[in-house]
A.B. asks: 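Here it is: the structure, laid out below.
Below, chains carry the letters A, B, ... as their sequence lines are ordered, and counting in each starts from 1.
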Amino acid sequence: MDEIPYAIKILIAGGFGAGKTTMVGSVSEIEPLRTEEVITAESVGIDDLAGVEEKTTTTVAMDFGRITLNDGLVLYLFGTPGQDRFWFMWDELSLGAVGAVVLADTRRLADCFPSIDYFEQRGTPFIVAVNCFDGAKQYRTEDVRIALDLDDHVPVLLCDARKRESSKSVLITLVEYVLQRFSGELENTSEVMA
Amino acid sequence: MYQTGQHAVPDGAGPLVRPYAMTHGRTRPSSDNFDLIALVVAADVPTPTVGLEPEHHVVLRLAQQPISVAEIAAHADLPVGVVRILLDDLRAGGCVQVKAPMSVAKMPNTRVLRAVINGLRAL
Ligand SMILES: Nc1nc2c(ncn2[C@@H]2O[C@H](COP(=O)(O)OP(=O)(O)OP(=O)(O)O)[C@@H](O)[C@H]2O)c(=O)[nH]1
Ligand SMILES: [Mg+2]
């Protein structure tokens with residue numbers, strides 16, 4: 001099956017309206033696609049949708065895009081569906097993922113807490129990209145780091161999700177960070193990231 | 001797009017009457033679950049002339065080039081669960097090849113990560 005490339009994925013998370021779909025769209029080589037997963041209460045499990053008595057179905061929509069990196073490697077970007085209610089979907093999405101970008105909107109910084117908690121608990125490497133919305137107060141990345149109580153090693157950077165170059169450098173920062181962490185684990189060296 | 005909650009089935013099978021019928025009442029594939037980014041490509045064999053629903057043919061047409069499960073679902077406008085069942089049939093019949101994604105989280109691979117960085121830089 002050598003002719004079939006390998007697929008990998010990165011998640012784009014963050015609060016409602018933080019710019020997830022915009023970021024997927026700005027770097028994707030295809031128009032962002034939408035796929036739906038129909039979930040029955042049975043598969044939702046006990047930790048979600050508490051109090052569901054009967055079998056009900058819910059539709060979870062996910063946005064995603066694609067970047068062909070080379071002949072043998074395709075990267076998929078998934079905008080995570082709404083926080084809080086669809087954690088089981090996040091479990092499926094984060095399984096095997098390279099890592100995650102948490103988009104922070106400085107007007108509603110606390111909205112990305114659930115994403116950060118989730119990735120921290122799961123051990124999924126993530127970075128925080130502060131989306132610079134027009135009219136929003138400009139923050140320094142250090143202020144955001146403190147406000148979000150992030151570990152020192154978690155990269156924080158400013159971005160504009162509408163701009164391809166900006167979204168590209170966010171993704172590169174994430175993968176360099178993941179590489180640095182893996183290199184640290186595997187080769188016991190920490191200075192891979194220049 | 002399928003509307004949820006419009007044709008609820010009393011036994012709780014779910015509202016998706018058409019996909020439910022299309023998949024002969026099965027609600028999940030018999031073998032392993034197809035990852036959203038598993039890549040599928042139609043096998044180089046004659047398409048069977050019997051036993052396939054129109055939706056199987058839609059999937060086969062989409063998979064002339066390698067394509068992910070998520071993309072098939074989006075282009076065919078079918079829920080992912082239905083696509084998984086259709087793919088299970090097609091794979092059982094030797095009509096498609098499926099390649100599981102690379103689990104970067106489970107198998108850290110610095111060579112792959114460097115290739116990702118280079119690929120992104122070159123965009
Ligand atoms: N100024 C500015 N506007 C942005 C930026 N990113 C997104 N927007 C705008 O913010 C709005 C919301 O962006 P979306 O990409 O839909 O956000 P989302 O996170 O996908 O939203 P939901 O899926 O509804 O949670 C859109 O109108 C975007 O055009 C940015 O970096 N700067
Ligand atoms: Mg969105």
A.B. asks: Considering only heavy atoms, which portion of A/Glu29 lies under 4.5 Å from any heavy atom of chain B: side chain, backbone, both, or neither?
C.D. replies: neither
A.B. asks: Non-hydrogen atoms of chain B under 4.5 Å away: do they reach the side chain of A/Leu171, the backbone, both or neither?
C.D. replies: both
A.B. asks: What pair of heavy atoms forms the shortest contact from B/Glu71 to A/Leu33, and how long is it?
C.D. replies: CG-CD1, 3.8 Å
A.B. asks: Under 4.5 Å between side-chain heavy atoms, hopping through other hydrophobics if needed: is there a path connecting A/Ile10 to A/Leu95?
C.D. replies: no
A.B. asks: Looking at chain A, which one of B/Gly119, B/Ala115, B/Pro101, B/Ser68 has the largest number of heavy-atom pairs inside 4.5 Å, strictly under?
C.D. replies: B/Ser68
A.B. asks: Would you please test B/Leu36 and A/Met62 for side-chain contact (heavy atoms from CB on, under 4.5 Å) and show each step?
C.D. replies: CA-CA 11 Å; B/Leu36 277 173; A/Met62 289 156 293; 4.1 Å; yes
A.B. asks: Using a 4.5 Å cut-off on heavy atoms from C-beta on, say whether the side chain of B/Met102 contacts that of A/Leu73.
C.D. replies: yes
A.B. asks: Does A/Tyr6, at its OH atom, have more than 12 non-hydrogen atoms belonging to other residues, nucleotides or ligands within less than 6.0 Å?
C.D. replies: no
A.B. asks: Do you know which two heavy atoms are closest between A/Ile8 and B/Ile37, and how far apart they sit?
C.D. replies: C-CD1, 3.6 Å
A.B. asks: Minimum heavy-atom separation for B/Leu123 and A/Lys168, please, with both atom names.
C.D. replies: O-NZ, 2.8 Å
A.B. asks: Report the C-alpha separation of B/Leu39 and A/Tyr76 in whole Å, then their side-chain angles, then the decisive distance to 0.1 Å, and conclude whether the side-chain contact (heavy atoms from CB on, under 4.5 Å) test is met.
C.D. replies: CA-CA 11 Å; B/Leu39 291 180; A/Tyr76 286 92; 3.6 Å; yes
A.B. asks: Does A/Phe133 belong to the same Ile/Leu/Val/Met/Phe/Trp/Tyr cluster as A/Val156, with side-chain heavy atoms less than 4.5 Å apart forming each link?
C.D. replies: no
A.B. asks: What are the two closest heavy atoms between A/Phe78 and B/Ala70, and how far apart are they?
C.D. replies: CZ-CB, 4.1 Å
A.B. asks: Do you reckon A/Leu158 sits in the same ILVMFWY cluster as A/Ile12, going by side-chain contacts under 4.5 Å, direct or chained?
C.D. replies: yes
A.B. asks: Given heavy-atom pairs under 4.5 angstrom as the criterion, report whether the side chain, backbone, both or neither of B/Val83 touches chain A.
C.D. replies: neither
A.B. asks: Roughly how far, to the nearest 0.5 Å, is the CG atom of A/Leu69 from the CG atom of B/Asn118?
C.D. replies: 10.0 Å
A.B. asks: Using the rule given for side-chain contact (heavy atoms from CB on, under 4.5 Å), can you reason through A/Leu75 versus B/Leu120, listing the C-alpha separation, both sets of side-chain angles and the distance that settles it, and then say yes or no?
C.D. replies: CA-CA 10 Å; A/Leu75 170 63; B/Leu120 286 170; 4.2 Å; yes
A.B. asks: Nearest 0.5 Å, please: how far is CD1 in B/Ile117 from CG in A/Leu179?
C.D. replies: 5.0 Å
A.B. asks: Is there a path of hydrophobic side-chain contacts, each under 4.5 Å between heavy atoms, that joins A/Val154 and A/Ile172?
C.D. replies: yes
A.B. asks: Taking A/Glu176 first and then B/Arg114, would you say they form a salt bridge - that is, a charged N and a carboxylate O separated by under 4.0 Å?
C.D. replies: no
A.B. asks: How many angstroms lie between atom NE2 of B/His75 and atom CD1 of A/Ile30, to the nearest 0.5 angstrom?
C.D. replies: 6.0 Å
A.B. asks: Look at A/Glu37 together with B/Arg84 and state whether they make a salt bridge at an N to O cut-off of under 4.0 Å.
C.D. replies: yes
A.B. asks: With a 4.5 angstrom heavy-atom cut-off, could you sort out which part of B/Ala100 is near chain A: side chain, backbone, both or neither?
C.D. replies: backbone
A.B. asks: Within a reach of under 6.0 Å around CD of B/Gln65, are more than 12 heavy atoms found that belong to other residues, nucleotides or ligands?
C.D. replies: no
A.B. asks: Under the side-chain contact (heavy atoms from CB on, under 4.5 Å) rule, what do B/Asp77 and A/Arg34 come out as? Steps first, then yes or no, please.
C.D. replies: CA-CA 9 Å; B/Asp77 205 2; A/Arg34 169 158 286 219; over 6 Å; no
A.B. asks: Is it the side chain or the backbone of A/Ile67 that comes within 4.5 Å of chain B heavy atoms, both, or neither?
C.D. replies: side chain
A.B. asks: Do B/Val59 and B/Val41 sit in one hydrophobic cluster, given that two such residues count as connected whenever their side-chain heavy atoms are within less than 4.5 Å of each other, even indirectly?
C.D. replies: yes
A.B. asks: What distance separates A/Gln180 CD from B/Leu113 CG, expressed to the nearest 0.5 Å?
C.D. replies: 12.0 Å
